[in-house]
Number of protein chains: 2
Amino acid sequence: MHDPLRTLPGYGLRRASVAMMNRFSEMLRPLGIKYTESSILILIGSNPGIRQSDLTHMLDIQRANLTPIIAQMEGRNLIMRTRIDGRSWGLDLTETGKEMLDAVWKATLAHEADLIGRVPEACRPALLIGLNALWDEPEGSAEKA
Amino acid sequence: MHDPLRTLPGYGLRRASVAMMNRFSEMLRPLGIKYTESSILILIGSNPGIRQSDLTHMLDIQRANLTPIIAQMEGRNLIMRTRIDGRSWGLDLTETGKEMLDAVWKATLAHEADLIGRVPEACRPALLIGLNALWDEPEGSAEKA
DNA sequence: CTTGATTATTATCATATATAACAATATCAC
DNA sequence: GTGATATTGTTATATATGATAATAATCAAG
């Protein structure tokens, strides 16, 4: 069975990403959290008071798709919102959220270690550089401040 | 704005994959075809008479999700099905499908060139090896014949 | 011939992502 | 200050992707 797709780096990139995300989702499942939510926890944890719009830029997701995620995380008492001005909310972790962040970080680091472990050592530095070259500063968006 | 996610290869892998697939989808849009369909065309083109179940294995997608895709591609006169036995169908490209495959290959190669072009030359070989290490022979599935 | 595995289909559900319209507010030019 | 414009967040909707379960038909192994 001949498979020309296997010669294509772009195809390999997609397959690698899907395989990786499946494994990561599996590791997060016991925590009852999804990987997008885990990213949000991490960003709020390292940027207390961050606004939703900052998250949408950093994660490159749509405002409209973030709203229900934030609402649900607030409902689960993982994050709290405080008014910054008439338009925007500042996001912070609750105590529950901080505990969840600890667990999320552990799972994330375990997952990253697993991932790196699958790559021959000699390839690792170039892999990182290559991956970042493929998405960093996407399209026309000049980095905001 | 501090972003710990940027230090994570796994996160970079996902972002790279998403950015890449968005660009590829854009390149395929004029052809009126989606990237999963493009992969199917390529595999049928290089394996005339291939069965749906072979496709599901090679693409690692669910039988149930392939069925409507194949039906739609048959409806668009891109592929034709002939009975192999009482259970399975053999898939082949129609003339229209072969022309589409030509266009798809051109777009695919252009996309792959664009992708590789974004990666510093010194990193390319390691990137390919690394990516394949991350998905090749996923989990428990021993390669079928 | 019976049992069990394979192939394909149908239906359903969850998730991820994209777009458009809207309300409220902030910012900027004047 | 006032008016035009941009930002922020929300709601509703559409599409794409992916997973699961149940069913029917058929093949393969003993």
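Note: hydrogens, waters and symmetry copies are ignored here, and every other heavy atom, side chains too, is used. The sequence lines fix the lettering, A, B, ..., with proteins before strands; numbering per chain opens at 1.
- Spacing between atom CE of Met21(A) and atom C1' of dT17(C) amounts to 14 Å, rounded to whole angstrom units.
- Here the straight-line distance linking atom CG of Leu134(A) with atom CG of Leu13(B) works out to 10.0 Å at 0.5 Å rounding.
- As a whole-Å value, the separation of Ile84(A) CD1 from dT8(D) C1' is 10 Å.
- For the side chain to side chain contact (heavy atoms under 4.5 Å, CB included) with Ile79(B), the qualifying choice from Ile70(B), Asp92(B), Thr94(B) is Ile70(B), the only one to do so.
- Remark: Ser88(A) is not in phosphate contact with dT7(D), judged by side-chain N or O atoms under 4.0 Å from OP1 or OP2.
- Using a 4.0 Å cut-off, no side-chain N or O of Arg83(A) falls inside it from OP1 or OP2 of dA24(C).
- The CD-P distance, from Gln72(B) to dT9(C), rounds to 14 Å in whole Å.
- An OP1 or OP2 oxygen of dT10(D) is reached within less than 4.0 angstrom by a side-chain nitrogen or oxygen of Thr67(A).
- The aromatic rings of Trp135(B) and Tyr11(A) lie perpendicular to each other, with more than 60° between the two planes, well past the 30° mark.
- Atom CE of Met20(B) is separated from atom P of dT17(C) by 14 Å (rounded to the nearest Å).
- Taking atom CD1 of residue Ile70(B) and atom P of nucleotide dT7(C), one finds them 15 Å apart after rounding to whole Å.
- Salt-bridge check for Lys106(A) with Asp102(A): failed, with every basic side-chain N at 4.0 Å or more from each acidic carboxylate O.
- Evaluation of the side chain to side chain donor-acceptor pair (under 3.5 Å) rule for Gln62(B) yields no partner, not counting sequence neighbours.
- Using a 4.0 Å cut-off between a side-chain N of Lys or Arg and a carboxylate O of Asp or Glu, Glu26(B) and Arg29(B) qualify as a salt bridge.
- In this structure, the CD1 atom of Ile33(A) is 17 Å from the C1' atom of dA14(C), given to the nearest Å.
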statement: B/S/- along nucleotides 17-26 of chain D (protein heavy atoms under 4.0 Å) is SBBBB---BB

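- Here the C1' atom of nucleotide dT7(C) and the CG atom of Asp54(B) are 11 Å apart, to the nearest Å.
- Applying the ring-ring contact (aromatic ring centres under 6.0 Å, His included) test to residues at least two apart or on different chains, none of the pairs has a partner in residues 81-101 of chain B.
- As a whole-Å value, the separation of Leu59(A) CG from dT15(C) P is 18 Å.
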